[in-house]
Amino acid sequence: MVQEYKLFIGGEFKDSSTGETFEDINPATLESLAAIQVAGTEDVDRAVEAAEAGFRLWSEIPAAKRAEVLFKAARILQERKEELAVLMTKEMGKVLPETRGDVQEAIDITNYAAGEGRRMLGETTTSELKEKFCMTVLRPIGVVGLITPWNFPIAIPSWKIMPALVAGNAIVFKPASDTPLLAFKLIEVLSEAGLPPGVINLVTGPGGTVGKAVVRHPRIKAISFTGSLDTGKWVMEECSKTMKRVSLELGGKNPVIVMDDADLELALEGVLWGAFGTTGQRCTATSRLILHEMIKDEFIKRLLAKVKSLRIGDGLLPETDIGPVINKAQLEKTERYVKIGKEEGATLLYGGNRTDPGLPGYFFEPTLFTDVRPDMRIAQEEIFGPVLGIFTVSDLEEAIELANSTKYGLSSAIYTRSVGNAFRAIEKIEAGITYVNAPTIGAEVHLPFGGVKGTGNGFREAGTEAIKEFSEVKAVYIDYSGRLQKAQIDSAE
Ligand code: NAP
């Protein structure tokens, strides 16, 4: 018998109205880790009501005091880092060094957001009129709905929750159904840190019902969503009906360009880590490798040798390089795209199959395709598995054109020793992030994170942008002249 987890509403664990549960499965062993209650629409209503009460209390507390709860939460996360990392590897499969990194990212953003509690900067500026003072202040939005994916089960929720909290909002949080346990752990940490009841509420269950109810709820003022492009489009459309603010962090098809002057060994390590870290299931994963024709043969030879040496298995074991994919649907999707790639005429150089490292879970070989053309589906669509497509180009211009040839624009990288090449890539690649001589993955929490084109709708997470995502900006005019002054009229005289 596994433990059953209830919803968290108004500071207490409460039974859902549906009486239904779903299983939380370890993708390496297929063991059941927990039974999770499925929220109904009326539970989402209860969560919103609790959040409204939480908001009235929390938004009155000065930001610097709110931040003290976050500093404490960061300390608790630090103390529990190993326990949370082990649980995360069991819940979603990525290897332990990566799950430790995930928890560390949550600690970092928590400390960073807490630091903002003593800043929350607005602007002061001049007035066109005499004896008039102008400034902007940040105000909380109200109750916000946060919907997150499973690939960073504690980091991504923390990227949203911590800035939303320090900015004074209350939260209804709907985590991915593949990683609910880590969401419960985060709630535990915040409660222990002293977050008042109602300020965060957790509703679990399918996106198709619970997520939809959160998005549609008329009293939720803003949605922050991270997930796939298709779901993101639906969320955006739906939010327009209730005039909700919506921030979207969606998919990627991230390119790495390796020029003929690159340090090939450095580039190899970066490509390997970028393409197969988290089993290729990162929004910033390297899925397209663009090689200069002069180094192509040598690079592919060395890459193949390295890929063959990757060890697949249980992420808890120190010798494992690549864990399982998240679930059966993702395994089948990866398999489907390998078939599509072959049918489209790309050359399957390595991998392409399910594999059995002695566990019943969802394991797939690291896979390399060469002779990929930009018009192929495997060059355009996000596979979100351990599949890397390789392209050849004859110069930087062609490389950048190819890099820009998808609907996504999240991360990108170039390996080169030329300052000119590096700066041209920074200038011309259509992406929210460009790395020079580093892989497409490795964001730090004090820089803005997000993408252009189909990857998002202009918002950024992390950095100071994160506070803006969860704040309303108010313009304030203070006239101390004691007389009626008319902007644009008096000032024009
Ligand atoms: P997904 O299917 O879109 O799901 C994301 C979240 O939305 C989950 O909590 C899901 O719930 C929920 N959901 C599904 N349908 C919904 C609906 N109609 N209304 C409201 N919520 C709904 O994405 P995923 O497969 O879990 O995650 C992988 C995707 O996320 C990839 O495309 C990846 O690139 C992207 N991602 C982007 C970033 C970024 O920052 N740009 C970061 C990480 C991942 P259930 O789990 O219950 O289905």
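Along the sequence shown, residues carry numbers from 1. Order of appearance sets the numbers: ligands from 1, and atoms from 1 within every ligand. When reading the values below, keep in mind they use all heavy atoms of this one structure, side chains included, and skip hydrogens, waters and symmetry mates.
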Using a 4.0 Å cut-off to any heavy atom of Ile156, which atoms of ligand 1 qualify?
42 (C), 43 (C)
In plain terms, say whether Lys233 and Glu237 are close enough for a salt bridge, that is, a side-chain N and a carboxylate O under 4.0 Å apart.
no
Does a side chain donor of either Lys407 or Thr455 reach within less than 3.5 Å of an acceptor in the other side chain?
no
Kindly assign one of parallel, tilted or perpendicular to the pair His446 and Tyr112, based on the angle between their ring planes and the thresholds 30° and 60°.
tilted
Look at atom 20 (C) of ligand 1 and say which protein heavy atom is nearest, naming residue and atom and giving the distance to 0.1 Å.
Gly211 C, 3.3 Å
Look at atom 36 (N) of ligand 1 and say which protein heavy atom is nearest, naming residue and atom and giving the distance to 0.1 Å.
Cys283 CB, 3.5 Å
Judged by non-hydrogen atoms, does Pro175 sit under 4.0 Å from ligand 1?
yes
For atom 27 (O) of ligand 1, find the nearest protein heavy atom and state the residue, atom name and distance (0.1 Å precision).
Pro149 CB, 3.5 Å
Considering residues, nucleotides and ligands other than Glu49, do more than 12 of their heavy atoms fall under 6.0 Å from its CD?
no
Below 3.5 Å, N or O to N or O, backbone or side chain included: is there any such pair between Gly227 and ligand 1?
yes
Do any nitrogen or oxygen atoms of Ser177 lie less than 3.5 angstrom from nitrogen or oxygen atoms of ligand 1?
yes
Are Phe152 and Trp159 close enough that their ring centers fall under 6.0 Å?
no
Would you say Thr226 and ligand 1 have an N/O pair spaced under 3.5 Å apart?
no
Can a non-hydrogen atom of Gly205 be found less than 4.0 Å from any atom of ligand 1?
yes
Pair Arg80 + Glu188, salt bridge at N-O below 4.0 Å:
yes
Starting from atom 10 (C) of ligand 1, find the nearest protein heavy-atom neighbour and note its residue, name and distance.
Lys174 NZ, 4.0 Å
Are there more than 12 heavy atoms of other residues, nucleotides or ligands under 6.0 Å from atom CZ of Arg311?
yes
Here the atoms of ligand 1 under 4.0 Å from any heavy atom belonging to Trp150 are 24 (P), 25 (O), 26 (O), 27 (O)
If we only count N/O pairs under 3.5 Å, is Asn151 in contact with ligand 1?
no
Do the side chain of Glu335 and the main chain of Gly352 share a donor and acceptor less than 3.5 angstrom apart?
no
Give a yes-or-no answer on whether the side chains of Asn254 and Thr284 include a donor-acceptor pair shorter than 3.5 Å.
no
To which protein heavy atom is atom 48 (O) of ligand 1 closest, and what is the distance rounded to 0.1 Å?
Gly207 N, 3.9 Å
Of the side chain and backbone of Pro206, name the one, both, or neither that has a heavy atom under 4.0 Å from an atom of ligand 1.
backbone
Please indicate whether Lys244 has more than 12 foreign heavy atoms, meaning atoms of other residues, nucleotides or ligands, lying under 6.0 Å from its NZ.
yes
For Leu229, is at least one N or O under 3.5 Å away from an N or O on ligand 1?
no
Which part of Phe449 is near ligand 1, with near meaning a heavy atom under 4.0 Å away: side chain, backbone, both or neither?
side chain
Could you check atom 9 (O) of ligand 1 against the protein and tell me its nearest heavy-atom contact, residue, atom and distance included?
Thr148 O, 2.7 Å
For atom 12 (C) of ligand 1, find the nearest protein heavy atom and state the residue, atom name and distance (0.1 Å precision).
Ile147 CG2, 3.7 Å
If I apply the N/O under 3.5 Å rule, does Leu250 come out as touching ligand 1?
yes
For atom 15 (N) of ligand 1, what is the closest protein heavy atom, and at what distance to 0.1 Å?
Thr231 CG2, 3.3 Å
Can you sort out which atoms of ligand 1 are near Trp234, meaning under 4.0 Å from one of its heavy atoms?
18 (N), 19 (N)
I'd like to check whether Asp178 has a polar contact with ligand 1, where a contact means an N/O of the residue lying under 3.5 Å from an N/O of the ligand.
no
Do the ring planes of Phe384 and Trp150 sit parallel (below 30°), tilted (30 to 60°) or perpendicular (above 60°)?
perpendicular
So for ligand 1, is Glu382 a polar contact partner (N or O within less than 3.5 Å, distance only)?
yes
Of all the heavy-atom pairs spanning Ala213 and Thr41, show the shortest one and how long it is.
CB-CG2, 4.4 Å
Salt-bridge test for Lys468 and Glu465: reply yes if a basic N is under 4.0 Å from a carboxylate O, no otherwise.
yes
Kindly indicate whether the side chain of Val69, heavy atoms from C-beta on, has any atom under 4.5 Å from the side chain of Leu165.
no
Among the heavy atoms of Phe225, does any lie under 4.0 Å from an atom of ligand 1?
yes
Between the main-chain N or O of Asn151 and the side-chain N or O of Lys94, is there a donor-acceptor pair closer than 3.5 Å?
yes
Any protein heavy atom lying closer than 4.0 Å to atom 4 (O) of ligand 1?
no
